[in-house]
Number of protein chains: 2
Amino acid sequence: MPATMHDVAALARVSVKTVSNYFNGYPYMRAETRARIERAVDELGYRLNVTARSLRRGSTGMISLIVPELDQAYFAELAQEVIDVAATFGLTVLVETTSGDRDRELEALSGLHRQLIDGAIFDPLALGPSDAPQLGGGLPLVILGERQFEGLADHVLIADEEVAHRAVSHLVEIGRRRILLLGAGSPGTHTAILRRRGSEAALAEAGLPVDGDLVVSTDGWTRDAGAAATARALDDGRRFDAVFGFNDALALGAQWVLLERGLAVPGDVAVIGVDDTRDARFAHPTLTTMSPGRAQIARRAVELLVSRIREPETENGFASVTADFELIVRDSTVAPGTLNSTP
Amino acid sequence: MPATMHDVAALARVSVKTVSNYFNGYPYMRAETRARIERAVDELGYRLNVTARSLRRGSTGMISLIVPELDQAYFAELAQEVIDVAATFGLTVLVETTSGDRDRELEALSGLHRQLIDGAIFDPLALGPSDAPQLGGGLPLVILGERQFEGLADHVLIADEEVAHRAVSHLVEIGRRRILLLGAGSPGTHTAILRRRGSEAALAEAGLPVDGDLVVSTDGWTRDAGAAATARALDDGRRFDAVFGFNDALALGAQWVLLERGLAVPGDVAVIGVDDTRDARFAHPTLTTMSPGRAQIARRAVELLVSRIREPETENGFASVTADFELIVRDSTVAPGTLNSTP
DNA sequence: TTGTAAGCGTTATCAA
DNA sequence: TTGATAACGCTTACAA
């Protein structure tokens, strides 16, 4: 049975209030009192009981990060960043995975863990605007990526249309004309719709047609799904000289199949993704990608959440910040040694 | 202000104890009482306060998983498995990352989060046997991978020597003679030492010499480190026809550099790893690897931890279970179409 | 600057 | 089968 604050107080010959003050950084305390407390704490090996504190305070110092799955590089890397940033605020992160399942997303927001956390950072996959009423009921919430809930919670957004536009423009600039849009297609998440819209705008600006045959759905945004869809497109005899994977996983799956089929990347088909995961750097050839500023996303998300937790009553609207993005050109679009033919 | 158990009790016209019984699956209850409680719960939207329960029970229903970093595929995939298995036991997982830093490993075991958890699953990187006294002081603990603490906690082990032996034997069977051991070398974790030992045993059995030049240290077990060390070995003019990366990340880093330098895999150099991460399946060429039975590891770890939490006083020694492993042959050692020349 | 005492929302003891 | 009541260990008015 571990020592309690009462034990410390008794040994230090002060009241529990004073010991509590000590642990809460209350400044007005005689140096000698402080020293006595410190000695007692050492002697007893005392550690503050966080559960009791939480019960009394009504807050836990924990936030959850709700993502589809950890074994996708993007989410694993995001989780690591969020954990690190949260730690600088003294917050502990509970990582919840949902497999993109609607019920599990709702459960993460309003289930048993609900009262274990002071707020949540949520990367929704299945939930849509019609679920808005169930969005945690007063739980401080920051939504990542999706803009469907704007006005209902704080958001950290990716400029989906612009990112897609830039990616497709890059492919056009290196001379590609028939670009497979991998991850678009019905029904499609809101993110998918926006990235498709941006892609088609870039094609239109370049005076290129949008070929419905080259707008391809995938069953999820994983390497498996990207590989399968690309294989199908090749088997169908569709012709394309570039692939825009709506995330890195899709692009890597596509690239894998292309190489497997003996096609040259980027010689025959150029490939570009989105996310700048570590996997992109270590693909062979290395994958050109749009970096969404993951570190910035994690930082802003935690900051927004912390201020929402501290001042829940700021009813004058919710914040939406959009992260910066950047084109990272690698070998999957511009072969090394090739002089970039960009005008 | 959310409803409490008292509110429910009042509305259902029973005592709080009865409501508590209801939530704890106490079987002796009249159907009508149960129905009244259920109606009151619904009406009030009542949810059990986990913090209060934890305070009263002295346990939280949370366990932590302590790993070096989530953005390594192996750990991300392991975390996902552990979270899923733990959920079947009604346990919540707190994922702690340490960067393999000694202080952070100790902090995860005995810091503030210590009392937030009922036990921990720990994949140590920096801590050694000399830290044993600090191993959580009575915290139920299951250690993964490392056998250095055997006798001090429960273990779920990988058969490091046998795994390495099998990997090297496979390379020998396909005719390789000069095998780079990537990840061995001083100082080296205990795991590294065992895998090196197993590798050298396999070489010895095959009548092959152990060339010190081919035993290569890396700065961590990441793709970056694997790439850097392999590049160095090539630059030094060391000759080898195979690489055994002590994990998939190292092997993938090596493979990446080899391809970058224009060498053929497996034509010039065969590559094999350990872990069977998803990355291995999507490398190009696909990476041959030793599967350590990750699902089994996660399941056994959680099971051991749960029984240790339930019966902390089983002082008659600690359990050590060793996971099964399996060789997964892919294209990085046996090119597709090549008839396997194994005797 | 420090002390007293009343909760926070459960669960456990014991009795009925 | 259910009820009254005392903890669990901390924070926080309020008092001194």
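Computed from a predicted structure; not experimentally measured. Letters go in sequence order (proteins before strands), and every chain restarts at 1.
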Between [X] ([atom1]) and [N] ([atom2]), how many Å, whole number?
X	N	atom1	atom2	answer
A:Leu55	D:dC8	CG	P	14 Å
B:Arg57	C:dT13	CZ	P	13 Å
A:Tyr46	D:dG9	OH	C1'	7 Å
B:Phe23	D:dT2	CZ	C1'	17 Å
B:Asn24	D:dT1	CG	C1'	16 Å
B:Lys17	C:dA16	NZ	P	16 Å
A:Arg53	D:dT12	CZ	C1'	13 Å

So, is [X] near the phosphate of [N], with a side-chain N or O under 4.0 Å from OP1 or OP2?
X	N	value
B:Asn49	C:dC8	no
A:Asn21	C:dT1	no
A:Thr51	D:dC8	no
B:Ser20	C:dT10	no

Look at the side chain of [X] and the backbone N and O of [Y], then say whether any donor-acceptor pair between them is shorter than 3.5 Å.
X	Y	value
A:Thr4	A:His6	yes
A:Asn49	A:Thr51	yes
A:Thr98	A:Gly100	yes

Of all the nucleotides listed ([options]), which has the minimum atom distance to the side chain of [X]?
X	options	result
B:His6	C:dT10, D:dT2, D:dG9	C:dT10
B:Met5	C:dT10, C:dA5, D:dG3	C:dT10
B:Leu48	C:dT10, C:dA12, D:dT11	C:dT10
A:Arg30	D:dC10, D:dG3, C:dT2	C:dT2
B:Val14	C:dG3, C:dT11, D:dG3	D:dG3

Centroid separation under 6.0 Å, is that true for the rings of A:Tyr46 and A:Phe23?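 Yes - the distance between ring centres of A:Phe23 and A:Tyr46 falls below the 6.0 Å cut-off.
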
[X] near the nucleic acid: base, sugar-phosphate alone, or nothing, with a heavy-atom cut-off under 4.0 Å?
X	result
B:Val50	nothing
B:Tyr22	nothing
A:Thr33	sugar-phosphate
B:Thr18	sugar-phosphate

Which sits closer to the 5' end of DNA chain C, A:Ser15 or B:Thr4, going by the nucleotide each is nearest to?
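The 5'-side residue here is A:Ser15.
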
Sidechain N-carboxylate O distance under 4.0 Å for B:Glu303, B:Arg299
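B:Arg299 and B:Glu303: salt-bridged.
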
Checklist entry - When you look at A:Glu32 and A:Arg36, which way does the salt bridge (charged side-chain N to carboxylate O under 4.0 Å, His left out) test go after all the steps? => result CA-CA 6 Å; A:Glu32 190 219 317; A:Arg36 281 218 309 278; 2.6 Å; yes

5' priority, DNA chain D, between B:Tyr26 and A:Arg47 [closest heavy atom] =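 Looking at DNA chain D, the more 5' nearest nucleotide goes with B:Tyr26.
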
| Earlier contact from the 5' end, DNA chain D, for B:Ala52 and B:Arg34 |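 Its nearest nucleotide lies further toward 5', so the answer is B:Arg34.
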
Quiz item: Quick one: does B:Arg56 reach the base of C:dT10 with a side-chain donor-acceptor pair under 3.5 Å?
Solution: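 Flag unset: no donor-acceptor pair detected.
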
